[in-house]
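Below, each value reflects all heavy atoms present in this structure, side chains not excepted, and no hydrogens, waters or symmetry copies. Quick note on labels: first sequence line is chain A, next is B, and so on, each numbered from 1.
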Amino acid sequence: MEYNHNEIENKWQKYWAENKTYKSVIDHTKPKFYVLDMFPYPSGAGLHVGHPLGYIASDIYSRYKRLTGFNVLHPMGYDAYGLPAEQYAIQTGTHPAITTEKNIKRYREQLDRIGFSFDWDREVRTSDPNYYKWTQWTFIQLFKHWYNNKTDKAEPIEELIKEFEINGNKNIEAATSQEEIFTAKQWDAMTEKEQQENLMNYRLAYLSDTWVNWCSELGTVLANDEVVNGVSERGGHPVERKLMKQWSLRITAYSQRLLDGLEKVDWFESLKEMQRNWIGRSEGAGVYFKVDGYKENLLVFTTRPDTLWGATFMVLAPEHELVEQITTPDRKDAVEKYVKWAKNRSERERMSEVKTITGEFTGAYGINPVNGEKVPIWIADYVLAGYGTGAIMAVPAHDSRDFAFARHFELPIIQVVTSEGEEPVDPETWDESYDSKEGIMINSGFITEMEVKEAMKATIDYLEENTIGYGTVNFRLRDAIFSRQRYWGEPFPIYYKDGMPYPLDESELPLKLPKVDKYLPTEKGEPPLARAENWKTKEGYPLETNTMPGFAGSSGYYLRYMDPGNKDEYFSKEANEYWRDIDLYLGGDEHATGHLIYARFWNMFLYDIGLASEVEPFKKLINQGKIQGRSNFVYRIDGTNKFVSFNLRKEYKTARIHADVNFVDNDVLDVEAFRDWRPEFKDAEFILEDGKYICGWEVEKMSKSKHNVVNPDELMEQYGADTFRLYEMFLGPLENHKPWDTNGIEGVYRFIKKLWRLFFDENGNWIVTDEIPNDQELKVLHQTIKKIRNDIERFSFNTAVSQFMICVNELTDLKCHKKQVLENLTILISSYAPHIAEELWNRLGHNTSVTYAAFPEFKEEYVKENSFEYPVSFNGKMRFKIKLPVDMSKEEVEKRVMKEEKTKKYIGDKQVRKVIVVPKRIINIVIG
RNA sequence: GCCCGGAUGGCGGAAUUGGUAGACGCGCUGGUCUCAAAAACCAGUUCCUUCGGGAGUGCCGGUUCGAUCCCGGCUCCGGGUACCA
């Protein structure tokens, strides 16, 4: 039989589907292994050549784990809610569900063509009511829980209410926005609405007026991680700050646990570092400053309590709630003008004008609690409303931003830290502030002469003793804004009574997405769901009109895969206790500060309430690199329709034009295809070199406009899925970002055909024999077993492909067609090239899938050498090799080498200073 | 600015990190087969060379018998992040 990839691949893909070869069920006799890919958003463009990279790697790993005796869970699904389908709906009126369904179908076809070992019976889609029922259910649980800082976990809100009824909130330590203390009596006296408002400050899912990132172009708010460089991640539209009533998740309650959990997981260090920075823990102190003439206190956060004596002014964020109250009449106009200006400035403007120093004096003064000094209170937008308390004490001598501000507005600068052994110099002469935490305190009351670190501690103690401050930890992480003013997302299971939100009863779930006439906001500016008829409960209470954000559905999908059909529960205890967590998670690192933090939070909450059995959901995580495009260019001579080949282009004035990579082969342009491409090139002329038109090339993003998109379907049609899979892996290390280059796939295709010819001769006759393999053949096989196992375990898929090539080359040279060897090779390669492996396995006489075979055992004895070819180097330079027995002693080796003619030649008339013999490594002779 | 990566032939990359630099593949050169081409196969391919050798893993220096690997100082490229107090 001739190797016909299309025939073989269709046959086995059909077989796998019909026999449910990759179906996974709980099996307590085997250890479990859960391999997960980040599920895709099914976009209309389908898969390009970059998408399957991670899926191929995880598939190889899954198949390998099956061969080594694991019960593997390897599911796939779709992150089906998303903006593109909704934007398309707005333009065309097509319901996003229809677009999504169509895209999923196309994705599935493409995925199936690559031969993945997914258990499709476990497919989940975030937009499926059977799935989002549990997203809604989890939201209700978040609404019904609060975070107890004493026990460090989420607890039911009923218990909080009980405590309020007995003691009020004075003994409660919670993650809360509630600052006022009330008694049980006061609690009792509250109306239901007041009680609900109060509880809202404790709930893990809560409604509040929040400063949000508003994107008017998209008509919705965005989470912090959805805003990049001041514009929306999707579409690049401008984003502004706006105060809106929004649902949020109190993820900040989990800041410390999210940080600590990173120590327990096996992820790339760079990714962990990104999460650490995003969580942004900083230790310091909260300090109360009295406002002169008012009873209000201003609370500031500082990481340098030791520099309190150097605070010469204070700065509030323009949005700070006390600004209006404390501004003196003479400063009112200026301050109001500034606040208005700051508010209307877009995020992007604010970020690009960081260097420009702006601010206004409020006319008010704060009183430094440690020395009673009066310090002016300013407002400036370098202080952010969203971080710390939105107010700072400014220590210009020891903070570069405060220093710049003080210089600009001519405010006093007092030095309080001096570097050890140096005399203090008048700060007026400084070029920059002294920000280092190394040094000795001066001019600082009782902490003078202390070391900085000692002074910090002493100051915090002092603040706490005198109740003018406290030691504290601040996090950069913000609560996750959870409302979106869009149609295509999960409806909130929430209704409103007297303006207060209440959760639906769980029996009402799923609350299905209603039909609307248009996918746009209403005339009154309400979200699209407000257009739905009868969008209210049975009792007539109005339902929430916002929908959940994209990360809602993706935060717990990996748990649902464990038990996707469950009608009564998110997932059963039994399923979760068996599958537990993801042993290997593969995906792009663009999710570092979004999905991967939200999902950890989601899982941690489910752990707290007793559902999930592991705190951390993703034990090991690998980021695959992005595949970039490799664009090709032609060079048109200015003012002509003549194109000059790459290496001759310097002789002319040319313009560089993208040529479609699909009619360029090894940078050689198919001139006819190019002429047919566009009418304006019909009569193009070409100046060739060596009879060819050579194109220039560059690595760019893969995109339609750059004509560098390579479609996997065409490659698979031409070379087959097995070749495609091997080639994607052969491209380079999995985690590297790398350009796609179709040049080279031929080499892998040649390899596959060469593999086939170990089993069939050129006339297609089966030539496998039952002969006993010889030592050489066994050595090749066992070297390969060892290398493949090793390489897969360390995710070095590219070098494994090389080893397969070496193995097949050597077996071909040895003319080895022996069943004992080839059978093992078939199993080895089955995780990389499953179709051809399945065909060969079948022809070797097996009637079950190679999936259920056992990974060949490596036997040291077959690769053992009794001699080693020592490289002999002189002063570190390798000159010749000499074969010696491995068990020869160092002394003996030295003696033998020194006797060699060649050794004498290279020594010449020089002196031998030293001879180094490293057994089974090297011999180095030092001469000179 | 700060924090992470990275730099090896014409190209993708290897060297499981002190021990033979350039595995494997692409491309290129020559050859076999063929009327010819394709395919397939064989040989060669880091650079320079006066054919003795010499140089060589971004650059400069150090440690070592020996450095792609360790240390110090740069340059360039990629990514993340940014008035975070």
- Message: Should the side chain of Asn743(A) and the base of C26(B) be counted as holding a donor-acceptor pair, with the cut-off at 3.5 Å?
- Response: no
- Item | Distance, rounded to the nearest Å, where Arg401(A) contributes CZ and C84(B) contributes P | 4 Å
- Message: Over 60° means perpendicular and under 30° means parallel, so tell me whether Phe880(A) and Phe874(A) are parallel, tilted or perpendicular.
- Response: tilted
- Watson-Crick or G-U wobble mate for C59(B), both contacts under 3.5 Å: G73(B)
- Item | Side chains of Arg757(A) and Tyr3(A) in contact at under 4.5 Å (non-hydrogen atoms) | no
- Considering just the side-chain nitrogens and oxygens of Arg750(A), establish if one lies under 4.0 Å of OP1 or OP2 belonging to A40(B). yes
- Query: Using purine N1 to pyrimidine N3 plus N6-O4 or O6-N4 for Watson-Crick, or N1-O2 and O6-N3 for G-U wobble, both under 3.5 Å, which nucleotide pairs with U64(B)?
  - Reply: none
- Task: Can you tell me, in whole Å, how much space there is between the C1' of C2(B) and that of C71(B)?
- Result: 24 Å
- Message: Nearest whole Å is fine: how far is U64(B) C1' from Ile922(A) CD1?
- Response: 13 Å
- Item | The single option from Thr307(A), Thr302(A), Asp306(A) passing side-chain hydrogen bond (donor to acceptor under 3.5 Å, both in side chains) against Arg304(A) | Asp306(A)
- Query: What nucleic acid atoms does Arg757(A) come within less than 4.0 Å of, heavy atoms only: base, sugar-phosphate, or nothing?
  - Reply: sugar-phosphate
- Message: Quick check on G52(B): syn or anti? Syn means the glycosidic torsion is within 90 degrees of zero.
- Response: syn
- Please state the P separation for the pair U50(B) and C4(B) - nearest whole angstrom. 49 Å
- Could you tell me the separation between the CD atom of Glu746(A) and the P atom of C28(B), rounded to a whole number of Å? 12 Å
- Rounded to whole angstroms, how far apart are CZ on Phe646(A) and C1' on C11(B)? 13 Å
- Message: I'd like the C1' distance from U46(B) over to C41(B), given in whole Å.
- Response: 26 Å
- Note on the structure: With Glu894(A) as partner, the option from Arg896(A), Glu891(A), Met898(A) fulfilling side-chain contact (heavy atoms from CB on, under 4.5 Å) is Met898(A)
- Message: Are the side chains of His5(A) and Trp756(A) in contact, using a 4.5 Å heavy-atom criterion?
- Response: no
- Message: Roughly how many Å apart are A7(B) and A21(B), using the C1' atom of each and rounding to a whole number?
- Response: 16 Å
- Query: Side chains of Tyr387(A) and Ser282(A): donor-acceptor distance under 3.5 Å anywhere?
  - Reply: yes
- Message: Within the 4.0 Å heavy-atom criterion, would you say Val918(A) contacts the bases, only the backbone, or no part of the nucleic acid?
- Response: base
- Task: Return the nucleotide paired to C47(B): Watson-Crick means purine N1 to pyrimidine N3 with N6-O4 or O6-N4, wobble means G-U with N1-O2 and O6-N3, both under 3.5 Å.
- Result: G54(B)
- Task: Mind calculating the distance between CG (Asn474(A)) and C1' (C84(B)) to the nearest angstrom?
- Result: 8 Å
- Does a nitrogen or oxygen in the side chain of Arg879(A) sit under 4.0 Å from OP1 or OP2 of G54(B)? yes
- Message: Using a heavy-atom cut-off of 4.0 Å across all strands, would you classify Asp741(A) as base, sugar-phosphate, or nothing?
- Response: nothing
- Query: Which part of the nucleic acid, if any, lies within reach of Asn277(A) when heavy atoms closer than 4.0 Å are counted: base, sugar-phosphate only, or nothing?
  - Reply: nothing
- Query: Which part of the nucleic acid, if any, lies within reach of Ser400(A) when heavy atoms closer than 4.0 Å are counted: base, sugar-phosphate only, or nothing?
  - Reply: nothing
Would you be so kind as to tabulate the donor-acceptor pairs closer than 3.5 Å made by side chains of residues 919-927 of chain A, with sequence neighbours excluded?
unit_1    : atom_1 : unit_2    : atom_2 : d
Asn924(A) : OD1    : Ser873(A) : OG     : 3.3
Asn924(A) : OD1    : Gly876(A) : N      : 3.0

- Query: Quantified in whole Å, what is the C1' atom distance between nucleotide U34(B) and nucleotide A39(B)?
  - Reply: 11 Å
- Rounded to whole Å, the CH2-P distance (Trp278(A) to A82(B)) equals 6 Å
- Mapping Met274(A) and Pro871(A) to their closest nucleotides on RNA chain B, which lands nearer the 5' end? Pro871(A)
- Item | P gap between G6(B) and G58(B), integer Å | 13 Å
- Atom CD1 of Ile392(A) and atom P of C83(B) are separated, to the nearest Å, by 14 Å
- Using a 4.0 Å heavy-atom cut-off across all strands, classify Leu384(A) as base, sugar-phosphate, or nothing. base
- Task: Any chance you could lay out the salt bridge (charged side-chain N to carboxylate O under 4.0 Å, His left out) test for Lys272(A) and Glu263(A), step after step, and finish with the verdict?
- Result: CA-CA 9 Å; Lys272(A) 288 194 195 179; Glu263(A) 303 304 321; 5.7 Å; no
- Presence of Ser873(A) side-chain N/O under 4.0 Å of G66(B) phosphate oxygens OP1/OP2: no
- Could you measure between the two P atoms, the one in A67(B) and the one in C59(B), and give it in whole Å? 15 Å
Every protein N/O lying under 3.5 Å from an N/O of nucleotides 21-24 of chain B:
unit_1 : atom_1 : unit_2    : atom_2 : d
A23(B) : N1     : Ser802(A) : OG     : 3.4

- Item | Straight-line distance of Leu781(A) CG to Leu811(A) CG, nearest 0.5 Å | 7.5 Å
- Pairwise P distance for U45(B) and C77(B), with rounding to whole Å: 35 Å
- Message: Let me spell it out: for each of Gly744(A) and Thr593(A), pick the nucleotide of RNA chain B with the closest heavy atom. Which residue's pick is nearer the 5' end?
- Response: Gly744(A)
- Message: Could you tell me if the side chain of Arg276(A) sits less than 4.5 Å from the side chain of Arg281(A), heavy atoms only?
- Response: no
- Task: Quick one: do Tyr64(A) and Glu793(A) satisfy side chain to side chain donor-acceptor pair (under 3.5 Å)? Show the steps, please.
- Result: CA-CA 9 Å; Tyr64(A) 164 74; Glu793(A) 293 280 6; 2.7 Å; yes
- With syn defined as a glycosidic angle within 90 degrees of 0 and anti as anything else, the base of G18(B) is anti
- Message: Under 4.0 Å, counting only non-hydrogen atoms across every strand here, what does Thr356(A) touch: a base, just sugar-phosphate, or nothing?
- Response: base
- Counterpart base for A23(B), defined by Watson-Crick or G-U wobble contacts under 3.5 Å: none
- Message: How many whole angstroms separate atom NZ of Lys754(A) from atom C1' of G25(B)?
- Response: 12 Å
- Message: I want to check one thing: is the phosphate of U81(B), taken as OP1 and OP2, less than 4.0 Å away from some side-chain N or O of Arg476(A)?
- Response: no
- Query: Under 4.0 angstrom, heavy atoms only, what part of the nucleic acid is Pro733(A) near: base, sugar-phosphate, or nothing?
  - Reply: sugar-phosphate
- Message: Let's test this: given Watson-Crick or G-U wobble pairing with both distances under 3.5 Å, identify the partner of C2(B).
- Response: G80(B)
